[in-house]
Amino acid sequence: MRKANLEQITNAIMNFNLEGTVRSVTPYGNGHINDTFLVTCYEDDGTKHEYILQAVNNDVFKLPAQVMENIVKVSDYLIGKVESPREVVKVIRTFSGGFHYQDRDGFFWRMYDFVKDSICLDRPENLDDFYQCAVAFGKFQRYLSEFPAYTLHETIPDFHNTPKRYQDFLKAVEEDKMGRAASVQAEIDFIKARADFYPVLIESNKAGVLPLRVSHNDTKSNNVMLDYKTHKALCVIDLDTIMPGFSVTDFGDAIRFGASTAAEDEKDLSKVWMDIDMFAVYAKGFLEGCGGQLLDSEIMLLPEGAKMMTIECGMRFLADYLQGDTYFKTHYEGHNLDRCRTQLKLVADMESKWDKMKEIVKQYCKE
Ligand code: ADP
Ligand code: GN1
Ligand code: MG
């Protein structure tokens, strides 16, 4: 995505109804998609107000106004459901009363209240923190269990449609735009060898054992805010990809990212595996948060959700590498390849722990 310059950023901020006078704007966070800034304002009496400003990536989100419609609709609904107002992030209005500002250069801007006294974890440091992330995403499922999913826009069509992702991946291999395919044959073979697995969730849905629900679809630990002092879960952020989907993929994406013993782009693969205790604690927190909403058949598919999200992400990173790194933000050449390799290592490790993963989730089934 193009980067906005200072003038464009300043102009964007002026359109939002903020408290106080803007004193600083700094790039913020480690997201792979949007450009995020922390905006700090002060009132004359010294009161400080902080906001998050984002340029929504409109290469990724082709209809960003629909993204905002989803977010506002879900946030409004959540306000009527949550136990504490801190569980919902406030979207800031523009002076014209809307929730976004599109400038004449094509940048699409929005602002949120900064979640005060909070942290988010690029890697959960311990089991307790990961448990808290799980509770937050589980509650998110529970709060939205009666939300009319069909009223949401599909902001990225086929987002977690793994068979479709696999077809896109095969196309990227076939085209080999950058001439990189030969050097990653082992990774390509690994992904191709598991082709039979990719339709499993969609087939389970067709068979009636995996219902369509409202899902977050991007449940990384850095999309949950925890209280700065107590490390208790406060709220879920990054609602861009809320769409109809599966509970097990929300669970799975969190395992992919948070139950890994290393960063998503760790180069030393001997450091990368799926920590089974992290898996167990996340299953406990997520299912507690869901408050009994999930069917036994869904619970039994949680391991499939974890493996599916991990291999899907692996093929997405590799496809982007083969296509010249145009989707995910990268910081060096080969960044997407390093990310792909950690995902494939995690998949292999999950396969070796499969029976244990099934055993862990089975204890939560009602029958
Ligand atoms: P991306 O889609 O690029 O991941 P996010 O919406 O997740 O964008 O924002 C990136 C990062 O910015 C988050 O991981 C978090 O650190 C921070 N962030 C986003 N929204 C807020 C908020 N309302 N309050 C505090 N921090 C936030
Ligand atoms: C992106 O936006 P962010 O950084 O939370 C991506 C996810 C991937 C993730 C991999 C809209 O998430 O699907 O799983 O990177 N988001 C989008 O880290 O594609
Ligand atoms: Mg994010």
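None of these values were measured; they are calculated from a predicted model. Atoms within a ligand are numbered from 1 in the order they appear, just like the ligands themselves.
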Novice: Return the option from Glu312, Arg339, Lys220 holding the heavy atom at the smallest distance from atom 9 (C) of ligand 2.
Specialist: Lys220
Novice: Within less than 2.8 Å, report the number of protein N/O/S atoms around the Mg ion (ligand 3).
Specialist: 2
Novice: Compare Ser118, Gly29, Ala55 and give the one whose heavy atom is closest to atom 11 (C) of ligand 1.
Specialist: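 Nearest option to atom 11 (C) of ligand 1, by heavy atoms: Gly29.
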Novice: Sequence neighbours left out, what passes side-chain hydrogen bond (donor to acceptor under 3.5 Å, both in side chains) with Gln363? Give chain and number order.
Specialist: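 None.
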Novice: To which of Asp218, Ile156, Asn34 does the heavy atom nearest atom 5 (O) of ligand 2 belong?
Specialist: Asp218
Novice: Determine whether the side chain, the backbone, both or neither of Asn30 has a heavy atom under 4.0 Å from any heavy atom of ligand 2.
Specialist: neither
Novice: For residues 227-238, which residue pairs qualify under salt bridge (charged side-chain N to carboxylate O under 4.0 Å, His left out), counting only residues two or more places apart or in two chains?
Specialist: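 Residue pairs with at least one partner in residues 227-238: Arg86-Asp227.
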Novice: Say whether Tyr327 and ligand 2 are in contact under the criterion: heavy-atom distance to a ligand atom below 4.0 Å.
Specialist: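 Yes; Tyr327 lies near enough to ligand 2 that a heavy-atom distance drops under 4.0 Å.
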Novice: Report the C-alpha distance between Ser270 and Asp268 in whole Å, list the side-chain angles of each, state the deciding distance to 0.1 Å, and finish with yes or no for side chain to side chain donor-acceptor pair (under 3.5 Å).
Specialist: CA-CA 5 Å; Ser270 71; Asp268 179 354; 2.6 Å; yes
Novice: Heavy atoms only: which of His32, Met309, Arg256 is nearest to atom 14 (O) of ligand 2?
Specialist: Arg256
Novice: Counting heavy atoms only, which of Val60, Asp253, Ile33 comes nearest to atom 2 (O) of ligand 2?
Specialist: Ile33
Novice: Applying side chain to side chain contact (heavy atoms under 4.5 Å, CB included) to Asp105 and Gln8, what does each step give before you reach the verdict?
Specialist: CA-CA 8 Å; Asp105 302 315; Gln8 289 161 329; 2.8 Å; yes
Novice: Tell me which donor-acceptor pairs under 3.5 Å the side chains of residues 308-319 have, and how far apart each pair is, sequence neighbours excluded?
Specialist:
from: Thr310; atom 1: OG1; to: Ala306; atom 2: O; distance (Å): 2.6
from: Glu312; atom 1: OE1; to: Thr162; atom 2: OG1; distance (Å): 2.8
from: Glu312; atom 1: OE2; to: His160; atom 2: ND1; distance (Å): 2.6

